[in-house]
Peer 1: 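Take this structure first; my questions come after.
Quick caveat, the model's predicted, so the values are computed rather than measured. When a residue number appears, it is its place in the shown sequence, counting from 1.
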Amino acid sequence: MAFQKELIVSHDDLDDLNHVNNVRYVQWIQDISKEHWQTVATTKMQQDVIWVVLTHHIEYKRAAVLDDPIIISTHIASSSGAKCVRIVEMKHGTTNKLLVRSSTEWCLLDSKSYRPIRIPEEIKEIFLKLR
């Protein structure tokens with residue numbers, strides 16, 4: 001099962017066309033990724049390692065507008081070595097139509113040296129429990 005949350009589009013989320021700004025979608029992708037990590041990782045894990053983005057691939061399917069409810073969900077699709085691929089989907093909360101889908105490649109770093117490290121089994125396991 002994916003990690004998810006719901007939000008409502010506000011005036012601050014809109015661009016000049018009165019649609020959700022693309023930059024806001026990227027922020028929401030970052031936010032839910034961070035919230036997912038902070039929710040499932042132990043305090044020690046959060047102190048010992050950090051995640052950095054290597055690539056974002058975002059598909060914009062439909063526009064969202066003021067007061068639209070949006071369900072944002074995320075899960076880890078795969079991992080290898082120091083990298084993992086996180087999927088984030090945003091759907092309209094009423095119609096369930098896909099608005100945005102992203103695939104982000106993340107790299108795990110040691111929090112002291114900032115060097116990439118293999119994703120430990122204990123971290124892989126906490127993400128697999130939610131799928």
Peer 1: Are any non-hydrogen side-chain atoms of Val52 and Leu109 less than 4.5 angstrom apart?
Peer 2: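 Touching, per the 4.5 Å side-chain cut-off.
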
Peer 1: Between Glu122 and Lys124, does at least one N-O distance fall below 4.0 Å, as a salt bridge requires?
Peer 2: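 No.
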
Peer 1: Can you check whether Asp67 reaches Val9 side chain to side chain, under 4.5 Å on heavy atoms?
Peer 2: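 The answer is no, as the side chains (C-beta and beyond) never meet within the 4.5 Å cut-off.
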
Peer 1: Hey, could you give me the OG1/CD distance between Thr74 and Gln4, rounded to the nearest 0.5 Å?
Peer 2: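 Separation between the atoms: 11.0 Å.
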
Peer 1: Test Ile72 against every option in Ile32, Leu99, Val100 by the side-chain contact (heavy atoms from CB on, under 4.5 Å) rule and name the one that passes.
Peer 2: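 Result for side-chain contact (heavy atoms from CB on, under 4.5 Å) with Ile72: Ile32.
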
Peer 1: Please list, chain by chain and in numerical order, all residues satisfying ring-ring contact (aromatic ring centres under 6.0 Å, His included) with Trp28, sequence neighbours excluded.
Peer 2: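 ring-ring contact (aromatic ring centres under 6.0 Å, His included) list for Trp28, sorted by chain: Tyr25.
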
Peer 1: Side chain of Gln46, backbone of Ala41: donor and acceptor closer than 3.5 Å?
Peer 2: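 Yes; judged by distance alone, with no hydrogens or angles, the pair exists.
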
Peer 1: So does Asp48 get a backbone contact from the side chain of Ser111, meaning a donor-acceptor N/O pair under 3.5 Å?
Peer 2: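 Flag set: sc Ser111 to bb Asp48 pair under 3.5 Å.
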
Peer 1: Got Ile87 and Arg101 here, is their nearest side-chain heavy-atom distance under 4.5 Å?
Peer 2: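 Ile87 vs Arg101: side chains touch.
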
Peer 1: Over 60° means perpendicular and under 30° means parallel, so classify the ring planes of Trp51 and Trp106, tilted if in between.
Peer 2: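 It falls in the perpendicular class, over 60°.
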
Peer 1: Does the distance from a Lys or Arg side-chain N to an Asp or Glu carboxylate O, for Arg24 and Asp13, drop under 4.0 Å?
Peer 2: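 Counted as a salt bridge, because a side-chain N and a carboxylate O are separated by less than 4.0 Å.
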
Peer 1: Please list, chain by chain and in numerical order, all residues satisfying side-chain hydrogen bond (donor to acceptor under 3.5 Å, both in side chains) with Ser73, sequence neighbours excluded.
Peer 2: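 Ser73: no side-chain hydrogen bond (donor to acceptor under 3.5 Å, both in side chains) contacts found.
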
Peer 1: I need the His36 NE2 to His75 NE2 distance, nearest 0.5 Å.
Peer 2: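 The NE2 atom of His75 is 10.0 Å from NE2 of His36, to the nearest 0.5 Å.
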
Peer 1: Evaluate whether atom NZ of Lys83 has more than 12 neighbouring non-hydrogen atoms of other residues, nucleotides or ligands under 6.0 angstrom away.
Peer 2: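 No, NZ of Lys83 has 12 or fewer neighbouring heavy atoms, counting only those of other groups under 6.0 Å.
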
